[in-house]
Amino acid sequence: MQIKEILSLSPSNQSLVIKGWVRTKRVSANVAFIALNDGSTIHNIQGVVSDGAVSEETLKLVTTGACIAMTGTLIPSQGQGQSVELQVNSIEVYGVADPEKYPLQPKKHSLEFLREIAHLRPRTNTFSAILRVRHALAYAVHTYFNQNQFFYLHTPIITGSDAEGAGEMFRVTTLPATNPPLTEDGKVDFKEDFFGKETNLTVSGQLEGELGAMALSKVYTFGPTFRAENSNTTRHLAEFWMIEPEVAFNELEDNMNLAEDFTKFCIKYALDHCADDIAFLEKRLLDEEKTKKKEEQSELSLTEKLRFVTENDFERITYTEAINILLQSKTHKQGKFQYPVEWGIDLQSEHERWLVEKHFKKPVILTNYPKDIKAFYMKLDEDGKTVRAMDVLFPGIGEIIGGSQREDDYEKLLQRTKEVGIEEESIWWYLETRKFGSAPHAGFGLGFERLVLFVTGMSNIRDVIPFPRTPKTAEF
RNA sequence: UCCUUCUUAGCUCAGUUGGUUAGAGCACAUGACUGUUAAUCAUGGGGUCCCUGGUUCGAGCCCAGGAGAGGGAGCCA
C-alpha cells in the first residue's frame with residue numbers, strides 16, 4: 001500500500017508493510033523516528049522504532065536515502081505534525097545509501113546543485129511535487145480535449161520538411177560522421193541516407209495537425225518538440241513538449257476562446273487535484289520571495305495567482321492597440337524602455353512584461369500582428385497589413401501560447417510561401433489541403449513546460465522537466 | 001550568440017591592503033539525551049581555493065587565456 005493511502009487510514013491492529021526511501025532518521029535514547037516517503041504524496045509517514053524492536057545493525061543501515069520496508073501497525077501519533085504513524089515491528093533494508101557519499105542531505109539544497117544530480121532530485125520534496133503536478137497537467141490536457149470531442153493525432157517526430165520555420169533543427173541521419181558520401185559538387189549526399197533525403201527532428205506538429213483537422217475537424221497533438229537554437233534562458237529548452245490543437249471552421253475569435261478555456265481548465269484541474277503539492281510549492285515560493293527586494297516581491301501567493309487566472313477574463317487587444325497603449329505609457333514618455341516603440345516592431349520582452357505585469361496585471365491575448373513579423377501560414381487580414389495571429393502572454397513567463405487562424409486561400413498561401421522563400425515542392429502536400437476542400441481553420445501551440453512553470457511557481461524551465469536538454473547539456 | 005555576475009570542505013557561503021598552519025553554519029562520524037518533526041547538546045574527521053600560464057621574495061586574493069554555472073537579452077513555446 002502506498003503512503004498516500006495509508007495516511008488516510010484509521011489506526012488498527014492490522015499489520016502493514018510500507019516501502020519507501022528514508023528522508024530522515026532521528027534517534028533518542030529509547031526511540032527512533034524514521035520519516036519515509038514513497039513519492040505517492042508530499043507527506044512522509046513516520047515510523048516509530050521503540051527500543052529493541054529492530055536490531056541495532058539494521059537500524060544503522062537506515063540512513064537518509066536508503067530504501068527500506070517497514071512492517072508494523074498504524075497507531076495514533078503521540079507527537080504533533082501527523083495524526084497517525086507506524087509502530088514498527090521489523091525493517092527490511094532493500095538498498096543502503098552511504099551517508100558519507102549520498103549527496104542529498106536533510107537540508108535545503110540550491111536548485112542549481114540539484115540540476116547537477118538530476119538522477120536523484122526527484123527524491124526531494126520540491127521535485128516530487130513538481131513531477132506530480134506535471135503529471136496532473138498532462139492528464140488534464142488529454143481530459144480537456146477528450147471531453148471536447150478532439151482526437152489525439154500523433155504527428156511525426158522525424159520530419160522531412162524544413163518549412164515549418166519555427167527554428168533551427170536537429171538533423172537525423174544514419175550516415176557516418178566522418179567521410180559521408182558526397183555528391184558531385186562536394187555536399188553530403190542525402191540520397192544515400194536512411195530516408196533517401198535530409199530529415200530532422202520536428203520543431204512543430206502544426207502542419208501535420210492541419211492535415212488532420214481537414215478530415216477529423218478537431219484534433220490536437222501533444223508530443224516532444226526539438227529546437228536546435230542556441231537559447232540560454234530560463235524559458236527555453238532544446239527538447240520540450242508542445243500541445244497543438246487545430247480546429248476546422250474555427251476563426252481567430254474561436255481560437256482565443258479555446259486557448260483561454262483550455263488553460264483555465266488545466267490550471268483549475270491542478271488546483272483541484274494537487275492541493276498538497278501546490279501548497280508546498282507555494283511555501284517554497286514564499287521563502288524564495290523573501291530573499292528578493294520588496295518591490296520585486298509578488299503581491300499574490302501562488303494559489304491566489306492561479307485562482308486569479310482561472311476566475312478572470314484574459315485581456316484581449318490587438319497589436320495596434322498595444323502599441324498605442326505603450327506609446328501613451330509613462331514608462332515610454334520617460335524614455336524608460338530600452339527598445340523603441342513604434343508600429344511594425346516585434347514587441348520586446350520588456351514591452352510584453354509591462355503590458356501583462358504592470359498595465360493589465362492579468363493574462364493578455366495580443367492579436368493581429370503585422371504580417372512581416374509572423375509566419376507565412378497565418379491568414380491575412382482585410383487591410384493586407386496584419387495577420388490573424390494571437391499570442392497569449394502570462395505574467396512572469398511571457399509568451400505561453402502562439403497561434404493563428406491559418407491562411408485557407410490557395411493563391412494567397414502560395415504567394416506568401418514565395419515571399420518568404422519556401423520551395424513549393426517541399427510542402428506540396430500542405431498546399432494541397434487548400435486545393436481540395438479547403439476550410440477556415442485555426443490552432444495554436446502551447447509550451448507544456450511553460451504551463452508547468454506557471455502552475456508550480458518555479459522560475460527556471462530546467463526545473464519543471466525531469467531531464468532538461470539545453471545547449472551543452474544532455475546528461476542523464 | 002551577446003551583455004553581466006560567479007566558481008574556496010559533501011552543501012551554502014565568509015576570507016581585510018598580496019603575508020605564518022584557509023574559516024563558519026549545515027551535513028557526516030562518535031557520545032549524551034524518556035516521543036522526535038530539517039530534534040537538541042558536546043567532541044571529531046574533512047580542502048587540487050575550477051584549470052593553465054604569468055607577475056611577485058611571497059597569490060585563494062593581481063594579470064592573461066580557457067572551462068563550467070547563474071541572471072538578463074535575442075530566437076520562440
Side-chain angles (χ1 to χ4, degrees), chain A residues 23-35 43-51 60 63-65 75-82 85 87 97-117 124-125 164-168 203-206 222 224-244 259 263 291-292 338-339 346-353 373-375 391-394 397-403 444-454 459-463 465 470-473 475:
Chain A
R23 286 294 171 78
T24 58
K25 179 181 67 173
R26 295 176 289 272
V27 185
S28 293
N30 296 327
V31 65
F33 300 94
I34 299 166
H43 302 295
N44 302 327
I45 187 143
Q46 173 158 281
V48 184
V49 186
S50 301
D51 201 18
K60 226 171 187 158
T63 58
T64 300
I75 57 167
S77 180
Q78 291 177 34
Q80 287 173 356
Q82 61 279 315
E85 59 194 14
Q87 182 71 50
D98 183 349
E100 292 276 5
K101 293 183 181 140
Y102 185 63
L104 287 173
Q105 303 163 358
K107 59 170 280 191
K108 202 174 169 174
H109 288 295
S110 68
L111 295 170
E112 289 85 355
F113 172 66
L114 292 172
R115 267 171 229 151
E116 292 170 15
I117 50 166
T124 63
N125 285 331
E164 287 146 2
E168 290 293 312
V203 293
S204 163
Q206 182 201 314
F222 183 11
T225 312
F226 309 86
R227 306 259 168 108
E229 300 286 346
N230 191 8
S231 295
N232 294 286
T233 80
T234 52
R235 44 186 205 289
H236 288 88
L237 289 165
E239 176 182 299
F240 65 101
W241 288 67
M242 189 151 64
I243 298 145
E244 295 175 288
T263 47
T291 66
K292 289 188 193 164
Q338 204 189 327
Y339 291 89
D346 205 352
L347 292 177
Q348 303 290 319
S349 281
E350 57 169 350
H351 304 140
E352 295 181 348
R353 291 189 74 123
I373 57 173
K374 286 292 177 185
D391 282 2
V392 180
L393 309 177
F394 262 48
I397 310 231
E399 186 177 342
I400 194 166
I401 287 176
F444 59 82
L446 181 148
F448 183 57
E449 281 74 18
R450 291 189 180 173
L451 181 66
V452 182
L453 211 48
F454 184 74
S459 48
N460 192 317
I461 203 161
R462 288 161 214 165
D463 296 330
I465 187 166
T470 54
K472 298 269 187 314
T473 312
E475 193 72 54

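Proteins get letters first, then strands, A, B, ... in listed order; numbering begins at 1 in each.
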Colleague: Which one, B:rG71, B:rG68, B:rC28, comes nearest to the side chain of A:K472?
Modeller: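 Of the options given, the side chain of A:K472 lies nearest B:rG68.
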Colleague: Regarding A:S28, tell me which of base, sugar-phosphate or nothing describes its non-hydrogen contacts under 4.0 Å with the strands shown.
Modeller: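 The answer is base, as A:S28 lies within the cut-off (heavy atoms under 4.0 Å) of a base atom.
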Colleague: Could you run through nucleotides 7-12 of chain B and give me one letter per nucleotide, 5' to 3': B if any protein heavy atom sits under 4.0 Å from the base, S if only the sugar-phosphate is that close, - if neither?
Modeller: ---BBS
Colleague: So A:L237, base contact, sugar-phosphate only, or nothing? Heavy-atom distance under 4.0 Å.
Modeller: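 The residue A:L237 makes base contact.
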Colleague: Give a yes/no on whether any side-chain N or O of A:S231 is located under 4.0 angstrom from OP1 or OP2 of B:rG74.
Modeller: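 No, outside the criterion.
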Colleague: Counting only side-chain N and O atoms of A:R23, is one of them less than 4.0 Å from OP1 or OP2 of B:rU37?
Modeller: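 Checking B:rU37 against A:R23, no side-chain N or O comes under 4.0 Å of OP1 or OP2.
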Colleague: Excluding sequence neighbours, so at least two apart, what forms salt bridge (charged side-chain N to carboxylate O under 4.0 Å, His left out) with A:R353?
Modeller: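 A:E357.
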Colleague: Answer with base, sugar-phosphate or nothing: what part of the nucleic acid does A:N460 contact at a heavy-atom distance below 4.0 Å?
Modeller: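 The residue A:N460 makes sugar-phosphate contact but no base contact.
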Colleague: Counting just side-chain N and O atoms, does A:R26 come under 4.0 Å of either OP1 or OP2 of B:rA39?
Modeller: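 Looking at the OP1 and OP2 atoms of B:rA39, one of them is under 4.0 Å from a side-chain N or O of A:R26.
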Colleague: Please determine whether a side-chain nitrogen or oxygen atom of A:T234 lies at a distance below 4.0 Å from atom OP1 or OP2 of B:rG72.
Modeller: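 For B:rG72, OP1/OP2 do have a side-chain N/O of A:T234 under 4.0 Å.
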Colleague: Look at all strands and tell whether A:R353 reaches a base, only sugar-phosphate, or nothing, counting heavy atoms closer than 4.0 Å.
Modeller: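 Nothing: the residue A:R353, judged by heavy atoms under 4.0 Å, touches no strand.
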Colleague: What's the closest nucleotide to the A:S349 side chain, out of B:rA77, B:rC33, B:rG74?
Modeller: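 So the side chain of A:S349 is nearest to B:rG74.
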Colleague: What's the closest nucleotide to the side chain of A:H236 if the choices are B:rC76, B:rU34, B:rG71?
Modeller: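 That would be B:rC76.
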Colleague: Give RNA chain B the dot-bracket treatment, 5' to 3': Watson-Crick (N1-N3 with N6-O4 or O6-N4) or G-U (N1-O2, O6-N3) under 3.5 Å, [ ] crossing, | other strand.
Modeller: (((((((..((((.....[...)))).(((((.......))))).....(((((..]....))))))))))))....
